Amino acid sequence: MLILPAIDLRNGKCVNLVQGRAEEETVFSDQPIEMAKRWEAEGAEYLHLVDLDGAFHGASANLQIVREIVETIRVPVQLGGGIRTLEQLDQVLAVGVARAILGTAALKDPDLVKTACREYGAKIAVGIDAKDELVATEGWLDVSHKPAIEFAKEMRNLGVSTIIYTDIKSDGMLKGPNMEATRAIVEAVDINVIASGGITSVEDLKILKSLGASGAIIGRALYTGDLELRSALAAVRPH
């Protein structure tokens, strides 16, 4: 199972929001490039970047920082937040990210997902952010009537090979992920499911691995020191 430290970018800084609420922001660093180098130095094999300005406003605002991170470190990165057109997708992948995550656009424009998968294959992931098992969009500001499991199956049928599943109520709360909801998604689709939201302990990671998650994104817990990256990596390595 892959461990992906998260770097959430807002106004050029590395931040964390509680349950995605813009007014509940903690700034962890104003040097996101240094943060990326730190996680690589501590053994990360993949980084998860989120352009929060893009997620809230629909246009990527931190691409220059993303480009610098890609050029500075050797491990691959994935990026989500505000990628809502084919042009924006082309732009993001041209910067050198290994995988682009479609969120709001995937729900509102399935044809975009189909075209993107045809053109870029495994470089396309879909982020399913759910509140009470329903898909949320627009930086988590809107909750749809679409059940997350149904949406996951639709995305698999369009050719998506990786889903990033986030339970919004767990995110930033340091109380563990929603295991039942994650299990349901993993069992519903035969593609990679990366879990995100609330992962705080080695035990969380062991359970997610046992459920069949292909990866785990860790944000706040790494920055607060509740979980050390080396311990997280050791927990999921095959013994």
Side-chain angles (χ1 to χ4, degrees), residues 1-17 25-55 59-83 88-103 116 120-127 161-164 166 171-172 192 194-197 199 202 205 208 213-238:
M1 187 169 87
L2 206 56
I3 300 292
L4 301 91
I7 296 178
D8 291 4
L9 299 164
R10 192 171 184 218
N11 298 321
K13 295 173 180 172
C14 175
V15 307
N16 183 261
L17 309 184
E25 176 185 275
T26 306
V27 176
F28 284 119
S29 170
D30 56 6
Q31 300 285 331
I33 294 152
E34 292 305 311
M35 196 53 77
K37 284 159 73 174
R38 174 188 161 182
W39 297 137
E40 181 185 42
E42 289 189 19
E45 295 168 348
Y46 215 115
L47 293 187
H48 172 75
L49 307 185
V50 181
D51 185 343
L52 289 170
D53 297 299
S60 191
N62 294 284
L63 265 189
Q64 185 50 39
I65 294 171
V66 173
R67 182 193 299 276
E68 287 179 51
I69 288 173
V70 168
E71 289 173 354
T72 304
I73 64 174
R74 292 182 301 280
V75 300
V77 307
Q78 61 183 24
L79 174 69
I83 307 168
Q88 286 172 323
L89 181 60
D90 293 341
Q91 210 179 6
V92 161
L93 289 169
V95 164
V97 304
R99 195 155 54 205
I101 304 162
L102 299 174
Y120 290 114
K123 287 188 169 189
I124 303 302
V126 165
S161 56
T162 301
I163 281 170
I164 289 112
T166 306
D171 192 69
N192 293 327
I194 297 174
S196 169
I199 298 164
V202 161
L205 294 169
L208 287 170
S214 65
I217 293 166
I218 313 175
R220 180 174 282 265
L222 289 179
Y223 292 95
T224 58
D226 285 82
L227 183 57
E228 287 188 341
L229 181 55
R230 290 179 199 283
S231 306
L233 292 165
V236 300
R237 284 201 183 107

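Nothing here was measured: the structure is a model prediction, and the numbers come from that model.
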E40 and K37 ion-paired at < 4.0 Å: no
Quick one: do R38 and E42 make a salt bridge, cutoff under 4.0 Å? yes
Would you mind reporting whether [Y] and [X] have side-chain heavy atoms less than 4.5 Å apart?
{"X": "T26", "Y": "T224", "result": "no"}
{"X": "I194", "Y": "I217", "result": "yes"}
{"X": "L9", "Y": "V66", "result": "yes"}
{"X": "V97", "Y": "L49", "result": "no"}

Is it the case that the side chain of D51 and the backbone of N62 share a donor-acceptor pair, with hydrogens and angles ignored and the cut-off at 3.5 Å? yes
Check: D53 side chain, N11 main-chain N or O, donor-acceptor pair, under 3.5 Å: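 Checking the backbone N and O of N11 against the side chain of D53, a donor-acceptor pair under 3.5 Å is found.
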Grab the two heavy atoms, one from [X] and one from [Y], that are nearest each other, plus how far apart they are.
{"X": "G96", "Y": "V70", "answer": "O-CG1, 3.6 Å"}
{"X": "A116", "Y": "L89", "answer": "CB-CD2, 3.5 Å"}
{"X": "V77", "Y": "Y46", "answer": "C-CE2, 3.7 Å"}
{"X": "P32", "Y": "I65", "answer": "CG-CG2, 3.8 Å"}
{"X": "G215", "Y": "L4", "answer": "CA-CD1, 4.5 Å"}
{"X": "A36", "Y": "L47", "answer": "CB-CD1, 3.7 Å"}

Begin with the C-alpha distance, continue with both residues' side-chain angles, and end with the deciding distance and a verdict on side-chain contact (heavy atoms from CB on, under 4.5 Å) for I218 and L229. CA-CA 9 Å; I218 313 175; L229 181 55; 5.6 Å; no
Mind checking the [atom1]-[atom2] spacing from [X] to [Y]? Nearest 0.5 Å is all I need.
{"X": "I101", "Y": "I164", "atom1": "CD1", "atom2": "CD1", "answer": "3.5 Å"}
{"X": "R230", "Y": "I3", "atom1": "CZ", "atom2": "CD1", "answer": "14.0 Å"}
{"X": "Q88", "Y": "L93", "atom1": "CD", "atom2": "CG", "answer": "12.0 Å"}
{"X": "Y120", "Y": "D90", "atom1": "OH", "atom2": "CG", "answer": "3.5 Å"}
{"X": "M35", "Y": "L222", "atom1": "CE", "atom2": "CG", "answer": "10.0 Å"}
{"X": "L208", "Y": "M1", "atom1": "CG", "atom2": "CE", "answer": "5.5 Å"}

If you draw a 6.0 Å radius around CD in E228, do more than 12 non-hydrogen atoms from other residues or ligands fall strictly inside?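 Open.
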side-chain contact (heavy atoms from CB on, under 4.5 Å) test vs Y223 passes for just one of P5, C14, S29, namely C14
